[in-house]
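Note that the numbering runs from 1 along the sequence shown for the chain. As the structure lists them, so they are numbered: ligands from 1, and atoms in each ligand from 1.
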Amino acid sequence: MSEQSDIKSLHAQYVMPTYAPGLALVKGRGATVWDADGNKYLDFLAGIAVTNVGHCHPRLVRAISKQTGRLMHVSNLFYNEQQPRLAEALAKRSLGGKCFFCNSGAEANEALIKLARLWGHAEGRYEIITMRGSFHGRTLATLTATGQPKVQKGFDPLPAGFVLADFNDLDSVRAAVTDKTVAVLVEAVQGEGGVRPARPDFIEGLQALCRKKNLLLFVDEVQSGIGRTGHWFAYQRYGVEPDAIALAKGLGGGFPIGAVVASPKLADVLQPGTHATTFGGTPPACAAALAVIRIIEEEALLENATKTGEMFMESLKKVAAKYSFIREVRGAGLMIGLVLNQPAKELENILREHGLITLATAETVIRFLPPLNVTPSEVRRAAKIVDRACAEWQKRLSNPGPDDEPARFKHLQLTKD
Ligand SMILES: *Cc1c(COP(=O)(O)O)cnc(C)c1O
């Protein structure tokens, strides 16, 4: 039995099957990860846009270990020296205003929902408009906000106060506004929805609509934020200024932390007793996020994300032109989707057999989310693997038969070390 199969059988016995993991990964460095049997992979998923400065960046590791050795937790009943520094760093790079800290993306969106309801309460306004194809988390409120019936199935009755509209269709949002509407929540690039960037006229039109109707405009930057699209936050690609944004995923570079940044107008809506969480903004979590911000700035990773993102997109477009099952390559910065005309899971598996980790999403899209410090040569290697994997898939598709059954995880092409 390999190390991997030991881990897998223990997991199957004791961990609830909410995920169906593939590999047992045990070590990482930059854009490279190793499984328990010593196979090496190029990681173009980065924990789903979490390890934005790469695996185990020495400065990030040092910041976390230094802070955990000094003070790990005191509760928000006390000041901690890292939290206001991080709040300042985030506010100055986005909306001004103030931050609330939590531990995940779902919690950040939950805080936005509560903030909107409190803000609209005196006028009896509580409805929040969200988009079809969106993803906002797995708590009851955020799965209701999520515009995908598959995440809601079996969990009714769902909380009231959420209304769906069509992404990239301003008329549909306009039609959803009632005298109860308080806010619009949107992703600037839908991630789980298949790497679909918002059109500029949609986002700008949303802002105009919100101003006209006195609605709050919220952008869920949990996946698209922290440099992912070559900007600190994806809304900055457009000429808009939201009222608040939700962050998590890449914020701690792998250390769990979530945040809301609210513009000055909403900075003091949440008051003592209205919202809280024990672990929100602990000293190590804030130290991690501060290190991530410094690394992104000092290593010019926004510029690198733009440059390597364009390179990768160009290479993928050349690959796409060779295969009839690829419909489109789309995205922004290092948030890139290869859109197929059929289910993408099989291609995700073949890519993995060739040593490239990606994720099939929205059924037909292969999603690439490499770390922001990915190098041009890693991007070239990944593009070559995509080409080879597509060629292999094309062959399998054209001669289906028992001999062409994919040999799962044989790692024929992988390097050990
Ligand atoms: C992942 C994600 C969430 C949920 O974040 P969790 O940390 O898993 O709760 C919310 N919104 C978007 C856009 C996401 O990609």
Side-chain angles (χ1 to χ4, degrees), residues 16 18-19 21 45-52 94 100-116 128-148 150-152 155 162 164 167-168 183-198 203 217-229 231-235 237 242 244-261 277 279-282 285 288-289 292 331-337 358-362 365 367-370:
M16 287 190 193
T18 56
Y19 281 81
L45 183 58
I48 317 187
V50 168
T51 54
N52 280 9
S94 57
F100 169 79
F101 292 105
C102 53
N103 311 286
S104 68
E107 267 184 281
N109 284 319
E110 188 83 26
L112 284 181
I113 293 164
K114 284 185 69 178
L115 198 160
I128 297 176
I129 299 173
T130 64
M131 305 304 145
R132 292 195 175 82
S134 64
F135 184 80
H136 300 297
R138 297 286 195 157
T139 63
L140 268 180
T142 57
L143 73 81
T144 309
T146 292
Q148 302 190 43
K150 68 177 185 200
V151 310
Q152 301 169 344
F155 296 109
F162 295 92
L164 283 177
F167 186 64
N168 276 338
V184 176
L185 171 62
V186 66
E187 289 158 275
V189 184
Q190 286 192 337
E192 304 306 303
V195 194
R196 294 165 73 203
I203 289 284
L217 177 61
F218 291 159
V219 180
D220 179 345
E221 294 271 5
V222 169
Q223 187 163 152
S224 59
I226 315 297
R228 179 54 48 195
T229 67
H231 298 261
W232 274 112
F233 305 102
Y235 79 80
R237 300 171 65 233
I245 55 177
L247 305 176
K249 292 205 165 102
L251 179 57
F255 203 97
I257 179 169
V260 164
V261 190
T277 173
F279 288 120
T282 62
V292 166
L334 285 173
M335 189 170 180
I336 297 176
T358 64
L359 185 63
T361 190
V365 181
R367 184 166 32 157
F368 301 96
L369 299 161

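At a threshold of 4.5 Å between non-hydrogen side-chain atoms, the residues V260 and I245 do not count as touching.
Note that the NE2 atom of H136 and the CZ atom of F218 stand 11.5 Å from one another [nearest 0.5 Å].
With respect to R367 and E192, a salt bridge is recorded, a charged nitrogen being found less than 4.0 Å from a carboxylate O.
No hydrogens or angles considered: a donor-acceptor pair under 3.5 Å links the side chains of T139 and E110.
Pocket lining of ligand 1, defined as residues with a non-hydrogen atom under 4.0 Å away: S104, G105, A106, N109, F135, H136, G137, E187, D220, V222, Q223, K249.
Among all heavy-atom pairs drawn from V261 and L247, the shortest one is CG2-CD1, 4.0 Å.
Just one of I226, T51, I257 meets the side-chain contact (heavy atoms from CB on, under 4.5 Å) condition when paired with V292; it is I226.
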